[in-house]
Each structure stands twice: as structure tokens, then as C-alpha cells.
Amino acid sequence: MTSRTGTSKAGTGSSVRGVPERRPEVPYRFERTHDTAAIRANHEDLEPGEESGVTVSVAGRVMLRRVQGKLAFAELHDSSGAVQLFCLAAVTADYEGFCRLSLGDWVGATGEVVRTKRGELSVKVTGWELLAEARRGFGDKWHGISDVDTRYRQRYVDLWVNEGSRRTFQLRSRLISLMRRWLEDRGFVEVETPVFQLVAGGALARPFVTHHNALDLDLNLRIATELHLKRLVVGGFEKVFEIGRTFRNEGLSPRHNPEFTMLEAYQAYADYGDMMALTEALVAHLATELCGTTQVSYGGRALDLTPPWRRATLSELVEEHAGVHVGVDVPIDELRRVAGEHEVHLEEGWGPGKLVLEIYEKTTEAQLWGPVFVCDYPQEVSPLARPHRSKPGLVERFEAIVAGRELANAFSELVDPDDQRARFEEQALARAHGDEEAMTVDEDYLRALEYGLPPTGGLGVGVDRLVMLLADVHHIRDALLFPTLRPEA
RNA sequence: GCGCCUCUAGCUCAACGGCAGAGCAACGGACUCUUAAUCCGCAGGUUCAGGGUUCGAAUCCCUGGGGGCGCACCA
């Protein structure tokens with residue numbers, strides 16, 4: 001290999017190593033025979049000091065190095081784990097070069113699998129080649145990187161240095177894969193609906209707006225997939241789902257990122273009770289597969305996700321936690337008084353339903369460790385949900401609350417086109433009065449409903465929040481590989 | 001948007017009104033079974049920026065910037 005002649009450049013103020021006078025030549029490919037996990041699995045029984053007689057080629061990053069005269073050890077990490085490289089001046093080609101490797105350099109190495117006298121499974125390297133040099137150093141070798149800004153901006157470093165971070169994102173990948181398979185096994189069909197929408201509907205949120213040049217058209221990035229998925233139910237997809245990126249032009253917080261991933265699933269002939277059963281079964285399945293149990297813990301506190309989860313109405317829960325009775329049947333002046341007592345921020349034009357919801361969110365939601373299905377929301381705040389079959393003013397809607405935060409939202413879907421038009425018009429009115437999150441009338445969606453939407457249960461699940469829950473991380477940025485950040489200064 | 005906290009070597013941190021330091025990384029050397037190897041040596045700084053107080057400021061104050069946390073906002 002090329003000697004690392006470059007020295008630390010003084011005054012650059014960065015960790016970049018000097019540019020070598022001659023760049024090392026690195027190969028276009030490397031023939032790896034095993035990953036490090038396979039080597040561990042195959043040679044579990046090797047005794048200390050024993051040689052296997054098996055030659056392998058491994059590849060990865062050198063993350064630790066211990067040179068001891070005519071002997072050198074290095075830890076080679078790959079995506080499956082790590083194994084020690086064992087080099088002898090007498091055996092290893094370009095032994096000197098190996099000793100000059102930097103932490104973080106990528107290498108491919110070939111040699112026999114052995115266990116050292118001290119019991120460490122190793123590849124006794126005969127030949128090796130540099131696959132990529134780490135011109136920037138990886139920093140402290142055991143404290144890792146604690147500067148959160150660096151962790152999020154340079155995830156490629158974080159992933160190498162912090163094992164917890166790797167674990168979280170491996171879990172995320174498996175979670176989405178398991179979720180997809182579980183739904184497919186139950187007859188759900190996965191689809192992709194537009195990200196660009198003329199009317200950003202399906203949720204109450206401000207959209208991002210962009211522009212299509214050829215059509216000279218402003219388009220919204222979707223805030224939900226709901227309305228398109230229900231169009232597909234009209235079209236005969238009786239069980240349909242999408243796991244998709246969704247965009248909302250809102251603030252950032254430990255639980256909010258402007259782009260996030262949502263699962264939405266719709267099932268014909270089903271109601272919100274069916275969606276509760278679906279939700280708890282799905283989450284229990286994921287917990288079992290990913291955590292080995294439904295009795296998990298979050299932030300050190302026990303959390304039992306075993307079905308069935310508690311079902312309680314929103315009114316009952318507010319009564320439990322705030323000791324007051326609220327509901328859409330309570331006179332509005334009384335609701336205003338209760339809201340005032342609990343320091344709920346009030347706005348002109350809020351009806352009883354909005355007040356009830358605000359009181360619930362202020363006094364109760366964060367207290368619910370759960371899991372609990374909070375049922376039967378005011379119709380006023382649920383413009384896409386079907387009226388409750390027996391409770392006037394309410395709709396058949398639930399939110400699943402786990403660890404004090406919303407994990408899922410679901411309804412018996414509103415199927416009546418006339419009612420839906422009335423709800424849209426109510427929203428449009430609120431919008432005209434300055435509510436930027438209110439919906440606008442989606443004529444094509446109404447037309448679809450006029451062709452007939454069967455009774456349908458719909459469910460939305462915040463995938464990032466589910467990852468947070470099962471990976472036991474407490475900021476959405478820890479569940480997103482590349483979270484939205486302010487530009488670097 | 002508001003409040004509180006924070007910013008020191010490449011990384012992790014100390015010094016908290018009196019000479020800016022340690023460990024790791026880097027660099028040079030010793031070492032044939034190491035495990036965060038060890039040992040010897042060397043180097044590394046506009047203490048986020050600017051202003052002020054002071055005999056003296058990394059330290060106290062002000063302004064600005066970055067970051068964090070909380071609140072507000074947020075299906």
C-alpha cells in the first residue's frame with residue numbers, strides 16, 4: 001500500500017488528515033467469502049491455540065489496532081459484527097503496511113480462521129488489501145460521539161461509532177419488513193399513492209407546497225395517504241395499505257419531524273372495533289418478533305403490550321384524570337370554564353368538540369401510559385370519520401395511546417357522500433376564517449364516494465413512533481436516519 | 001416565538017478570577033498472543049465570535065451565533 005506520508009495539516013481546524021502525496025490505489029471489487037458473523041457461527045467450537053485449517057476472506061473497517069512488535073492485532077467490523085485480525089511479521093504480506101493502517105480504514109483480508117492462545121477467534125492474515133482509506137479520523141475509540149449535532153449530521157460516523165444507533169436502525173428495517181409481511185399474510189395489498197397532490201387532504205395539517213414547471217401548477221406534498229387509499233377501496237381493493245413518507249409543514253419536536261413514515265391500512269366491511277383488534281395484534285406481533293416479548297419497557301418503565309388493550313371513551317378518561325365531566329352534550333360555557341381552569345389555550349370559534357379535545361389533550365393524553373384505545377371523538381374534530389352508531393355528536397374513532405403519546409388513529413370511515421360534503425364545507429369555512437390546517441373540498445374524492453364506499457375501517461400508525469417505542473429511544477431523531485435539521489452554520 | 005442550560009485540542013472531558021490541562025486519536029520509537037494492549041518520546045489551542053468589567057477573563061457582564069432541554073405551536 002501507499003505509505004501514509006501526509007501529516008496532520010496544522011490550522012485546518014478539522015480532523016481531516018493530510019492528503020497523501022500519492023493516493024492509494026484501491027481495487028474495484030473484493031471477493032469476500034464470509035461475513036464475520038458466519039465465521040463466528042462456523043468456528044464456535046475452536047479451542048484456544050487451535051487452527052481450523054479453513055481459509056476465509058473478510059472485509060470491513062479496522063476499528064481497533066494493537067501492534068506489538070512482530071505481532072499485530074486489529075478488530076475488523078462489518079455489518080454482521082466483528083472479528084479479530086491476527087498478523088505476524090513472518091506470515092502477513094506487507095506487515096509494515098498493515099501496522100500503519102488508521103482506525104476507520106476499510107480492508108479486505110484473507111487467512112486461516114484460528115483461535116489465539118488467549119481465546120480470541122481470529123483470521124490469521126496472510127494477504128490483505130486496503131479497500132478505502134479513512135482520511136478523516138473516527139475520534140475517541142470508546143467514548144464514541146456524544147455531540148448530538150454531529151451524530152445527526154454525520155450519521156455515517158454515528159453508525160460506526162455508536163452500537164446503539166446501529167441497533168435502532170436495524171430494528172427499524174426489520175420492523176417495516178415484518179409489518180409488511182404481516183399485513184400481506186392477512187390479504188392486504190400494498191400500493192403507492194401520489195406524494196404530489198392538488199388537494200392535500202386526509203388530515204388536519206399544513207402542507208409543503210411545490211411547483212411543477214411544465215404544468216405551471218402548485219402542488220402539495222401529501223399530509224396523509226387516506227383519501228387515495230379509500231378511493232382504492234371504492235375501486236375494489238378490499239384490503240389495502242401503504243407504508244409511506246408523509247410531510248407536514250409544522251414544528252420539530254421530540255415526537256415530530258416534518259417528514260415521517262406512516263402506515264395506513266383500510267379494510268372493507270370492517271369498523272373501528274376491527275381496527276382495534278388489528279392494531280393490537282400487529283403491535284404485539286412486532287414486539288414479540290423484535291423484543292422477544294410483549295412485556296417491554298420504555299424509558300425504564302414497564303409497558304405491557306399484550307392484547308387485549310384497554311378500551312375506554314375519551315370522556316371516561318378525562319373524568320379519570322382530570323376529575324371533570326366533559327362531552328359534546330355539556331354546555332359550551334361550562335366547557336370554556338373547565339378549559340380555563342386547566343389553562344387550555346382558547347380560540348374564537350371553537351365549538352364544544354374542539355374544546356373537549358383540547359381539554360383531553362391538556363389534562364389526560366400524556367398521563368396515559370397505556371396501551372389504551374381512546375374511543376369516540378367529537379365529530380367536530382373528525383371530518384372523515386363516520387358518526388357513532390349510538391352516540392350523537394360523536395364519531396367512531398379511536399387513538400391508540402402508548403407511553404403517553406399517540407401511536408395510531410383509526411375510524412369507521414365516513415361513507416356517505418352527502419355527509420362528507422357537508423363536513424368538507426364546514427372545514428372550508430374554518431379555513432376561510434383563518435384555520436390553515438382545515439381541509440378543503442376534494443371534489444374527486446366526493447365523486448368516488450358517490451360510486452359507493454362500502455363500510456370500511458381505516459387505520460393510521462406512526463411508524464417512527466412505533467420504532468421509538470420498540471427500540472426504547474426517546475427522540476424521533478433517534479428513529480430517523482437523516483432527520484430534518486437546520487442547515488449547518 | 002418564550003424561558004433555562006450549554007459551547008475548552010480531532011474525540012471525551014478538566015481547570016470556574018491568577019502559567020489552558022488529562023485520557024484517547026495523530027506523529028516518532030520499543031515490544032512474538034493482544035483485548036480500551038503496555039511503555040518511552042513528541043506535537044497539538046483565536047477556550048464559538050465581538051464588546052465590556054478587572055492589575056489580570058476560558059471563568060464575571062452584554063450582544064450575536066451554534067447546540068440541548070422545557071413551554072407554546074403541532075392529525
Side-chain angles (χ1 to χ4, degrees), chain A residues 4-18 48-49 63-75 82 84-91 95 99-100 102-104 114-122 124 134-153 157 161 200-207 223-224 226 246 248-258 260 262 264 343-345 347 357-358 361-362 377 381-385 397 399 405-406 408-411 436-439 460-462 474-475 477 485-489:
Chain A
R4 200 180 289 276
T5 50
T7 51
S8 277
K9 263 198 209 164
T12 57
S14 93
S15 62
V16 68
R17 293 181 180 125
M63 296 304 284
L64 277 179
R65 196 195 55 190
R66 298 176 284 275
V67 176
Q68 191 176 334
K70 300 283 196 295
L71 275 183
F73 303 90
E75 266 181 32
Q84 180 170 264
L85 299 181
F86 175 36
C87 298
L88 285 148
V91 170
Y95 176 80
C99 293
R100 279 196 304 272
S102 292
L103 298 190
V114 303
R115 195 177 288 280
T116 60
K117 288 177 194 166
R118 293 293 184 86
E120 187 69 39
L121 191 69
S122 307
K124 189 172 169 184
R135 194 180 291 175
R136 289 174 187 267
F138 272 70
D140 190 286
K141 73 185 172 192
W142 70 83
H143 285 111
I145 290 186
S146 65
D147 181 57
V148 275
D149 189 55
T150 307
R151 288 192 49 209
Y152 300 129
R153 288 193 198 282
V157 177
V161 172
L204 303 174
R206 292 165 65 176
I223 56 174
E226 173 152 358
T246 306
R248 296 187 184 176
N249 205 339
E250 291 165 357
L252 289 78
S253 89
R255 285 163 292 283
H256 297 87
N257 195 71
F260 62 101
M262 194 155 53
E264 290 198 40
E343 295 172 333
V344 173
H345 163 85
E347 274 180 36
L357 183 67
E358 291 291 324
E361 286 181 353
K362 185 81 178 183
Y377 280 64
V381 295
S382 313
L384 300 168
R397 169 182 174 190
E399 288 191 0
R405 65 175 77 116
E406 177 192 345
N409 182 25
F411 337 125
E436 291 184 77
E437 285 160 9
M439 296 177 187
V461 176
H474 302 89
H475 202 298
R477 282 185 305 201
L485 299 171
R486 224 176 239 116
E488 259 179 287

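Computation of the quantities below employed the complete heavy-atom set of this structure, encompassing side-chain atoms and omitting hydrogens, waters and symmetry-equivalent molecules. Protein chains get the first letters and strands the later ones, always in sequence-line order, with residue 1 at the start of each.
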| Please, what dot-bracket string fits RNA chain B when only Watson-Crick and G-U pairs with both distances under 3.5 Å count, crossing ones use [ ] and pairs to another strand use |? | (((((((..((((....[..))))..((((.......))))......(((((..]....))))))))))))....
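Between the SG atom in A:C99 and the NZ atom in A:K70 there is a gap of 10.0 Å [rounded to 0.5 Å]. Here the CZ atom belonging to A:R66 is positioned 5.5 Å from the CD atom belonging to A:Q84, to the nearest 0.5 angstrom.
In this structure, A:E120 places its CD atom 12 Å from P of B:A37, rounding to the nearest Å. For the pair A:L85 CG and B:U35 P, the interatomic distance rounds to 17 Å; values are reported in whole Å. In this structure, A:E75 atom CD and B:U35 atom C1' are separated by 7 Å, rounded to whole Å. Distance CG (A:L121) to P (B:U35): 17 Å, rounded to an integer number of Å. Between A:L71 atom CG and B:U32 atom P there is a gap of 7 Å when expressed in whole angstrom units. Look at CZ on A:F73: it is 8 Å from C1' on B:U32, rounded to the nearest Å. The CG-P distance, from A:L64 to B:U35, rounds to 11 Å in whole Å.
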| For A:E399 and A:Y377, what are the C-alpha separation, side-chain angles and deciding distance, and is it a side-chain contact (heavy atoms from CB on, under 4.5 Å)? | CA-CA 9 Å; A:E399 288 191 0; A:Y377 280 64; 3.2 Å; yes
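Under the 4.5 Å side-chain criterion, counting only non-hydrogen atoms from C-beta, A:P258 is not in contact with A:N249.
Side-chain contact, A:R477 with A:N257: no donor N or O sits under 3.5 Å from an acceptor N or O.
Contact annotation: A:R115 does not reach the phosphate of B:U35 (side-chain N/O to OP1 or OP2, under 4.0 Å). OP1 or OP2 of B:C33 lies within a sub-4.0 Å distance of a side-chain N or O belonging to A:Q68. The phosphate of B:G68 has OP1 or OP2 within less than 4.0 Å of a side-chain N or O from A:R477.
Although no hydrogens or angles enter the test, the distance criterion places a donor-acceptor pair under 3.5 Å between the side chain of A:E264 and the main chain of A:E226.
The separation of B:C5 from B:A9, taken at their P atoms, amounts to 22 Å, rounded to a whole angstrom. Spacing between B:U38 and B:C33 at atom C1', rounded to whole Å, works out to 14 Å. Look at the P atom in both B:C7 and B:G17: the space between them is 15 Å, to the nearest Å. Here, B:G67 and B:C48 have their C1' atoms 11 Å apart, quoted to the whole Å. Taking the P atoms as reference points, B:G68 lies 49 Å from B:U32, given to the whole Å. Taking the P atoms as reference points, B:C2 lies 24 Å from B:C60, given to the whole Å. Across the C1' atoms, B:A58 and B:G21 are found 12 Å apart, a figure rounded to whole Å. Spacing of P atoms, B:G51 relative to B:C19, comes out at 23 Å, to the nearest Å.
Toward the 5' end of RNA chain B, the nearer of the two residues A:V461 and A:S122, judged by each one's closest nucleotide, is A:S122.
Across all strands shown, A:H474 has no heavy atoms under 4.0 Å from either base or sugar-phosphate atoms. Counting non-hydrogen atoms under 4.0 angstrom, A:I223 reaches nothing in the nucleic acid. Within the nucleic acid shown, A:V67 comes within 4.0 Å of at least one base atom, counting heavy atoms only.
The shortest non-hydrogen separation linking A:A72 to A:Y95 is N-OH, 3.4 Å. Of all non-hydrogen atoms in A:R397 and A:V381, the two that sit nearest each other are NH1-O, 3.3 Å. Across A:S253 and A:H256, no two heavy atoms sit closer than the pair OG-ND1, 2.7 Å. A pairwise comparison of heavy atoms in A:L384 and A:M439 identifies CD1-CE, 3.7 Å as the closest pair. Scanning both residues, A:V461 and A:A408, for their nearest heavy atoms gives CG2-CB, 4.0 Å. Here the closest heavy-atom approach between residue A:A200 and residue A:I223 is recorded as O-CD1, 3.6 Å.
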At a cut-off of 3.5 Å, list every protein nitrogen or oxygen paired with a nitrogen or oxygen from nucleotides 22-24 of chain B, distance to 0.1 Å.
from  : atom 1 : to     : atom 2 : distance (Å)
B:G23 : N2     : A:D140 : OD2    : 2.7

Close N/O contacts between protein and nucleotides 71-74 of chain B (under 3.5 Å):
from  : atom 1 : to     : atom 2 : distance (Å)
B:A72 : OP1    : A:K362 : NZ     : 2.8
B:C74 : O2'    : A:E250 : OE1    : 2.3
B:C74 : O2'    : A:E250 : OE2    : 3.1
B:C74 : O2     : A:H256 : ND1    : 3.2
B:C74 : O2     : A:H256 : NE2    : 2.6

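Here the side chain of A:P254 is nearest to one of B:C33, B:A37, B:G70, namely B:G70. When distances are taken from the side chain of A:Q84 to each of B:A25, B:U35, B:C69, the shortest belongs to B:U35.
Aromatic ring orientation, A:F86 versus A:F73: parallel (interplanar angle below 30°, classes split at 30° and 60°).
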